[in-house]
Amino acid sequence: MFEFRFADRLIAWQRSHGRHDLPWQVSDPYRVWLSEIMLQQTQVTTVLGYYARFLARFPDIASLAAAPLDDVLALWSGLGYYTRARNLHKAAQKVRDEFDGVFPTTREDIETLPGIGRSTAAAIASFAFGQREAILDGNVKRVLTRVYGIDGFPGEKKVENRLWDLAESLLPADAGDMPAYTQGLMDLGATVCSRSKPACTICPMVDGCVAVRDGRTAELPTKKPKKATPTRDTLMLIALNDDRVWLERRPPTGIWGGLLSLPEFADSAAAEAWLEERGDGELLPTWPELEHVFTHYRLIITPQPARLASLRGNTVREESGQWWELEAALDAGLPAPVKRLLQRLV
DNA sequence: AAATCGGGGAT
DNA sequence: ATCCCAGATTT
C-alpha cells in the first residue's frame, strides 16, 4: 500500500485553507464543549450568535451549573434539540459535583458526561488537551468512506467499527498536530467533501481518493438500507346480494380517507360472523391474493366473496355502510385495488 | 417527502 | 452489546 500520508495532507490543507477564526478554537474545554454541542445538527453561522450570548451569560462551568435550567433553556431558545441544553446543564453540575469543578481530561472521563458520546468526547480531548483521540461524526464518515472506498452503511456496527479503526490509524504521530488535524477533518467534510456535489477538484485527497478514482462519490457513503416495507394482511369481504355489493365509508383520515371500500376482517371466520348477523349467506372460495404497494407498506388483500340471499330487514342500510348497485359503486370513489376487484364482477 | 445525525433509552 | 428513536433541519 502506497504511502498516502493522510494526516500530513490534511494538516497542511487545514493550515492554508481551513478556518482559524472561530471563537471556539481555544483550549478552554468548556468553550470547546459548548461549541461541539451547539454544532451538533446546527450550522456554524447559526451557532456563532448563540455561542456568544451563552458565554456572556455563563462564562464558565460553575456559573452554568449554578443557573436555573430555565435560564439555560432561554438562551437555547431557537436552537432546537433542547435535550442538548438539558444535558449541558446536567453535565455542568456533574463536573461540579463529581470532578471537583475541573473538566475531566481523558476521553473516557469526558464520555461519562450526559450528552457527550465517544466522538464529541474525542473532539474535546483533541482540541482542548491535544490528545490523540479520533473523532467520527457524519462529516468524517463521509470523508473516510469516500477516500478509502469503504462500502456498507456506516450506521451498521461492523462498518462503524471499521471506520473507528481506520480513523484511529490515521491520527498524526505528533499530538501537537491534533487540533489542526481534527479541525481539518471537520472542515474538509463540511466544505469540500459535502454530501452532494463534493468539490473534488479542490480536495487535497483527490489523487488518492478511491471514490473519485472509481466514480463513486455519489454512492458513498452507502445509504441507509430501506427497511423492508412492512406487510399488512387483510381480508376484504365482497358481500353480494343479487347484483349489489356492500360498501363502507372509510374514516376521513388515514389510508383511503373518506373513500368507499369493502369491509375488512382479520380472517374468514370474522367475515362469516358478519354475514350471519345480516341474513342467510355463505362464503364462497377466496380469490387469489392481491398486492397493493404503498410508500410505507405493502398490503396483501385476500378477496373473500360471499352471497347473502335473504337480508334481515333492519340491515339493508346501516351507519357503517350500505348496499350498492355494482355499476354505481364503480363510478363512486373507490381505492384502486377495490375497484379492480369489483370490476371482475361485471 | 426523504435522508440525515450523535446520543440516549430500551431491549 | 445492539437496535431504534426523538427532534429538527437539509436536500
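Chain letters run A, B, ... following the sequence lines, proteins first, then strands; residues in each count from 1.
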5′-ward residue of the pair A:S196/A:T83 relative to DNA chain C: A:T83

For A:Y51 and A:W24, run ring pair (Phe, Tyr, Trp, His ring centres under 6.0 Å): C-alpha distance rounded to whole Å, both residues' side-chain angles, the deciding distance at 0.1 Å, then the answer. CA-CA 9 Å; A:Y51 180 82; A:W24 44 81; 5.1 Å; yes

Taking B:dG6, C:dT2, C:dA8 as options, the one with an atom nearest any side-chain atom of A:K157 is C:dT2

Value in whole Å for how far the C1' atom of B:dG7 lies from CG of A:L39: 16 Å

Gap between atoms NZ and C1', on A:K224 and B:dC5 respectively (whole Å): 11 Å

So which nucleotide from B:dG7, C:dT10, C:dT11 ends up closest to the side chain of A:S119? B:dG7

Expressed as a whole number of angstroms, how long is the span from A:E111:CD to B:dG8:P? 9 Å

Between A:R142 and B:dC5, is there a contact of a side-chain N or O with OP1 or OP2 at under 4.0 Å? yes

Across the strands shown, which category fits A:R84 at heavy-atom distances under 4.0 angstrom: base, sugar-phosphate, nothing? nothing

Quick check on DNA chain B: between A:T222 and A:R118, whose nearest nucleotide comes earlier from the 5' end? A:T222

Using whole Å, report how far CZ of A:R86 lies from P of C:dA6. 16 Å

Calculate the interatomic distance between A:F153 atom CZ and C:dT2 atom P; express it in whole Å. 16 Å

Look at the side chain of A:Q40 against the base of B:dC5 and say whether a donor-acceptor pair falls under 3.5 Å; ignore hydrogens and angles. no

Separation of A:K158 atom NZ from C:dT2 atom P, in whole Å? 13 Å

Would you say B:dG7 has OP1 or OP2 under 4.0 Å from some side-chain N or O of A:Q41? no

Is it the case that A:R142 and A:N139 place a side-chain donor and acceptor less than 3.5 Å from each other? yes

Could you verify whether a donor N or O on one side chain and an acceptor N or O on the other, from A:D97 and A:Q93, lie under 3.5 Å apart? no

Using the side-chain heavy atoms of A:K223, tell me which of these nucleotides is nearest: B:dG8, C:dT9, B:dA3. B:dA3

Taking the side chain as everything from C-beta on, heavy atoms only, tell me whether A:F58 gets closer than 4.5 Å to A:L75. yes

How do A:R195 and A:L79 order along DNA chain C: which one's closest nucleotide is nearer the 5' end? A:L79

A:Q43 has an atom CD; how far is it from atom C1' of B:dC5, in whole Å? 14 Å

Side-chain heavy atoms under 4.5 angstrom apart, residues restricted to Ile, Leu, Val, Met, Phe, Trp, Tyr: same cluster for A:V26 and A:I37? no

Please determine whether a side-chain nitrogen or oxygen atom of A:T120 lies at a distance below 4.0 Å from atom OP1 or OP2 of B:dG7. yes

Quick note, A:Y82 side chain, CB onward, closest among C:dA8, B:dG8, B:dT4 is C:dA8

Determine the interatomic distance between P on B:dA2 and the same-named atom on C:dC5; round to the nearest Å. 16 Å

Output the rounded distance in Å from CG (A:L113) to P (B:dG6). 19 Å

Is A:Q304 reaching over with its side chain to a backbone N or O of A:L284, donor-acceptor style, under 3.5 angstrom? yes

